[in-house]
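Reviewing the structure listed below.
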Amino acid sequence: MIREGQASGVSLSDLANREIGLTSAARRHFGQWRRAVEAAGLEPTRRIWSREMIIAEILKRRAEGRSLSSGNRHNINLAAAAVRHFGSWTAALEAAGVPAKQKKLR
């Protein structure tokens, strides 16, 4: 499924974020997503976040009605990058114009 996802033009990171069942199975069988990607014969890619990319992703997730909680497992990598670039998750939300009260949507 990892090979099929990439062949269809979906990035490996997007595939991991969209296909939670696949990600869980990869971790169960290979220990982590990266090892499953390597077992599929593919080169794992690592997203290099910029301040602009972090803000754009926060706004995208907000528009989709997704949780903006730093504790949400789907936000772990984004939150870690936000801390590196902004000093905190809250500061990144503020830079994106998202009030702290709206951290958890729906």
Side-chain angles (χ1 to χ4, degrees):
M1 288 183 71
I2 293 171
R3 284 187 206 127
E4 290 174 11
Q6 189 189 44
S8 69
V10 176
S11 75
L12 292 173
S13 59
D14 284 345
L15 183 64
N17 288 329
R18 291 181 192 169
E19 301 294 336
I20 302 307
L22 177 61
T23 307
S24 295
R27 289 186 180 135
R28 187 172 49 255
H29 292 286
F30 297 96
Q32 58 182 247
W33 175 252
R34 178 178 196 75
R35 288 188 192 138
V37 169
E38 290 169 349
L42 301 171
E43 181 67 31
T45 55
R46 183 177 170 136
R47 182 179 289 178
I48 306 298
W49 292 98
S50 67
R51 291 173 67 91
E52 295 77 17
M53 288 172 61
I54 293 166
I55 290 170
E57 187 64 22
I58 288 170
L59 295 174
K60 175 184 165 202
R61 292 177 189 201
R62 180 182 185 203
E64 292 172 351
R66 295 166 57 186
S67 170
L68 293 179
S69 169
S70 62
N72 182 305
R73 70 184 183 104
H74 300 292
N75 295 334
I76 291 172
N77 293 332
L78 177 60
V83 169
R84 281 193 307 276
H85 286 280
F86 294 93
S88 71
W89 178 246
T90 301
L93 291 175
E94 289 172 1
V98 177
K101 293 178 187 176
Q102 292 185 15
K103 279 183 9 179
K104 292 184 180 178
L105 300 176
R106 295 184 191 184

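Because the structure is a prediction, the values reported are computed rather than measured.
Linking Ile, Leu, Val, Met, Phe, Trp and Tyr residues whenever their side-chain heavy atoms come within less than 4.5 Å leaves Met1 and Phe30 in two separate clusters. Tracing side-chain contacts under 4.5 Å through hydrophobic residues (I, L, V, M, F, W, Y), one never reaches Phe86 starting from Val83; they form parts of separate clusters. Trp33 and Ile20 are not part of a single hydrophobic cluster, where members link through side-chain heavy atoms under 4.5 Å apart. Under a hydrophobic clustering in which Ile, Leu, Val, Met, Phe, Trp and Tyr are joined whenever their side-chain heavy atoms come within less than 4.5 Å, directly or via other members, Leu78 and Met53 fall into the same cluster.
Taking CG of Leu93 as the start and CD1 of Ile58 as the end, the distance is 5.0 Å to the nearest 0.5 Å. With values rounded to the nearest 0.5 angstrom, His29 atom NE2 is found 14.5 Å from Arg35 atom CZ. A distance of 13.0 Å separates CZ in Arg3 from CG in Leu15, rounded to the nearest 0.5 Å. From Thr23, atom OG1 reaches atom CZ of Arg27 across 6.0 Å, with rounding to the nearest 0.5 Å.
Annotation for Ser67 and Ser69: closest pair OG-N, 3.1 Å, computed over non-hydrogen atoms. Considering all non-hydrogen atoms of both residues, Pro99 and Gly97 come closest at CD-O, 3.5 Å. In this structure, Ile54 and Ala92 approach most closely via the heavy-atom pair CG2-CB, 4.3 Å. Shown here for Trp89 and Ala79, the closest heavy-atom pair between the two residues is CE3-CA, 3.5 Å. The nearest pair of heavy atoms linking Glu38 to Pro44 is CG-CG, 3.5 Å.
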side-chain contact (heavy atoms from CB on, under 4.5 Å) evaluation trace for Ile2 with Gln6: CA-CA 6 Å; Ile2 293 171; Gln6 189 189 44; 5.8 Å; no
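A donor-acceptor distance shorter than 3.5 angstrom exists from the side chain of His85 to the backbone of Trp49, with no hydrogens or angles considered.
Scored by the salt bridge (Lys or Arg N to Asp or Glu O under 4.0 Å) test, Glu19 finds no partners at all (sequence neighbours excluded).
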